[in-house]
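Keep in mind it's a predicted model, so treat the numbers as computed, not measured. Heavy-atom basis, side chains included; hydrogens, waters and symmetry copies ignored.
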Protein chains: 2
Amino acid sequence: MTITGESGDDERVTVRDVAARAGVSATTVSRVIKGDYPVAQATRTRVLRAMRELDYVLNVHARALSGASTKMVAFVLDDVTGPSFAYVAKGVEQQATAEGRLCMVCTTHGDPARELAVVEAMREQRADAVILVGGGSLDDTYRERMTHFAHALDKAGSRLVLCGRPPLGDNVPTTVVEYDNEGGAYAMTSHLLSQGHRRIVLLGADWQGDTSTTKRDRVYGYVRAHESFGITYAPDLIIPAGFGRADGYEQTRRLIARGAVFTAVFAATDMVAIGVLAALREAGIRVPEDVSLAGYDDIPFAADLEPGLTTVRIPTEELGRTAVRLALNRGEPQHVVLGTHIVVRDSVRPPIRNQVS
Amino acid sequence: MTITGESGDDERVTVRDVAARAGVSATTVSRVIKGDYPVAQATRTRVLRAMRELDYVLNVHARALSGASTKMVAFVLDDVTGPSFAYVAKGVEQQATAEGRLCMVCTTHGDPARELAVVEAMREQRADAVILVGGGSLDDTYRERMTHFAHALDKAGSRLVLCGRPPLGDNVPTTVVEYDNEGGAYAMTSHLLSQGHRRIVLLGADWQGDTSTTKRDRVYGYVRAHESFGITYAPDLIIPAGFGRADGYEQTRRLIARGAVFTAVFAATDMVAIGVLAALREAGIRVPEDVSLAGYDDIPFAADLEPGLTTVRIPTEELGRTAVRLALNRGEPQHVVLGTHIVVRDSVRPPIRNQVS
DNA sequence: CTTACCGTAGTTACCGGTTTCTACATGTGC
DNA sequence: GCACATGTAGAAACCGGTAACTACGGTAAG
């Protein structure tokens, strides 16, 4: 004696089932769903009722297969928990929803190889747009392959979007939504210099090898500001590091241990700044009395730190929203640079003369 | 004279195209891709080469249509920028990747109607699992419709997962991964009571009407702790509010304005606690000297606040990972409750006697 | 020498909506 | 009364990958 499976195995309901119940053809059901073709009121009502009674659910894969758009955008970022990334994600999600799209997320943990793999997966998914969030790798092979993807997606009617990183090249069909990354670093460095700081640690950015575009451009701004002020910067104060809290903490401890002399720290991200702050405090160094501290990103918590963190504001949400909007509406310009600006709080103060940290 | 479109319109490459180039049948190409059927080495090589030369990209929709799993899990949350949600999201993404799945995200902004709509959309997508993150609505119609979805997804071979909220009912086929929400609130309230606090504001939770399960259970814990201590709590100290920083800030200002008497504030979330802290500080009330403050969630920034925030730790990432793992491996138990525990930092201290705030 | 079987590859139908293209009532104009 | 537009509905093919079934050369077993 066999027992019949309790959860009745997939009794998939198709348009044809609905059609049968409503006494019409599958075509008619399809037309009722899309609503783009005249269907008699009485027929429509019957079909709608049949759909309800059968608990019909459309199959997007069937629809996508027969040529329709997938109504999906993909976005690819380092880590969903990165506060600034999260806000870009929010903007993307918001705009995507507004444009009737669903969102896919993929994380790369900063691995360019994984980013490439993910973009390939998104090609398989036939996403309407693939949005790369955050700085990009500077590696040649990587850039070459990404360029290929840009062309391939374009040919397939989709779009590669670079959000928060510079274009791949002049004739690469991408949508680019950047912010003035270098300008923000320039402005903040200038701010510190104008307050009288002369030995400013830049922590978490570097321009050696294949770093990310984000790190490179923040160094450019730092260097350019020094040049504008006619001040030679000390290369040994540019400390490469990751973008996390732990990186800021660790490097600051090391800096203190090696007896480095500086009156200000410009952290490459607010997360790094938080780590710097913790390490400084731990060493009995007060901010801003003994050392000034500046961040980059203006994450929401920057204002709640003690002292309030002076930082560079990036229009994160707008970045995300714009990326989706431009990618989906090709009438608009396909390269936009959004502005950044300094948010002055309490963590920067002119240095005390003859300070030795 | 017509100019040919520059971006050559979709020259989609199919298995049949690859087959033609390799001089084999479409089936063989399919078999090379899946690798589950013996194909002669020489043939495989030829097919692989053809795929590369044609830049072939698989179409997941066609594959999904012919019966295969979509290899996608969906997760639905209030807001990607909520720090604790973000960590659940991270766990989900991590485990999904480990199990060869892609992720879709949808946000609801706390609107139950939107949550229902989103789940319906996920049914259309034929997601392998639909993960609902965060507290659920207590509204009857909502629960009824969600129960229906649970059954429908189950019948379709998918799974509804409740992550961070209690089950819908005994015979509803869902995977539930909760944390001991009530227990955390109980422990923290007990901690405050044992320190001598007697007038503890619970800010951001309530149990009236159709609030969320999260808010309700945090009140339950608060109340039960008072009962355990044989202390009658003051209902007017339970202040309903949202889960954001602004809510904590606003309600605290109001509390101070109305001259409420309390020696501690138990904020329903750390974000609320940050708002409370800001309002308190603004009013010249010191934490923890004048008023103690506790939070819930243990977001990463809780430790970087000044003073460090005493709060309840939720295993957010594990919650997300577990949700995906259980949903995809039905051999495992389908209802798990993870523990919570207090993290003591510096924001709680015994109250000063005769304190009037 | 025939039968059986293995390894490999092809044929064909199917998944579920959509999209022509066709069909057939009515109604309209001459 | 005939030609023709209009409104509505159906039949069949198609999207691209896959599964079930068939086929065929070659070797091993009887």
Participant: Assign A:Val57 to base, sugar-phosphate, or nothing according to its heavy-atom contacts below 4.0 angstrom with the strands shown.
Facilitator: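 Result for A:Val57 = sugar-phosphate.
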Participant: Once you round to the nearest 0.5 Å, how far does OG of B:Ser30 lie from CZ of B:Arg16?
Facilitator: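 That separation rounds to 10.0 Å.
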Participant: Please examine the side chains of A:Arg165 and A:Leu132, heavy atoms only from C-beta on, and report whether any two atoms are closer than 4.5 Å.
Facilitator: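 SC-SC contact between A:Leu132 and A:Arg165 confirmed.
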Participant: Do A:Asp128 and A:Ser69 have side-chain N/O donor and acceptor atoms under 3.5 Å apart?
Facilitator: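 Yes, A:Ser69 and A:Asp128 have a side-chain donor paired with an acceptor closer than 3.5 Å.
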Participant: Between P on D:dG17 and CD on A:Glu124, what's the gap in Å once rounded to a whole number?
Facilitator: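 From A:Glu124 CD to D:dG17 P: 10 Å.
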Participant: Verify the neighbour count for atom CG of A:Asp140: are there more than 12 heavy atoms of other residues, nucleotides or ligands below 6.0 Å?
Facilitator: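 Open: at most 12 neighbouring heavy atoms sit under 6.0 Å from CG of A:Asp140.
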Participant: Between atom NE2 in A:His61 and atom P in D:dT18, what is the gap in whole Å?
Facilitator: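 Value for this atom pair: 14 Å.
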Participant: NZ of B:Lys34 versus P of D:dG17: gap in Å, rounded?
Facilitator: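 About 13 Å, once rounded to whole Å.
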Participant: Nearest whole angstrom, please: distance from the P of D:dG16 to the CD of A:Gln125.
Facilitator: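 In whole Å, D:dG16 P lies 16 Å from A:Gln125 CD.
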Participant: When every nucleotide of nucleotides 8-15 of chain C is labelled 5' to 3' by its protein contacts under 4.0 Å (heavy atoms), B for base, S for sugar-phosphate only, - for none, what sequence of letters results?
Facilitator: BBBBB--B
Participant: What residues form a salt bridge (charged side-chain N to carboxylate O under 4.0 Å, His left out) with B:Asp170, not counting sequence neighbours?
Facilitator: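 Salt bridge (charged side-chain N to carboxylate O under 4.0 Å, His left out) check on B:Asp170 returns nothing, list empty.
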Participant: Would you find more than 12 non-hydrogen atoms of other residues, nucleotides or ligands less than 6.0 Å from A:Asn171 atom CG?
Facilitator: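 No, because the 6.0 Å sphere around CG of A:Asn171 holds 12 heavy atoms or fewer from other groups.
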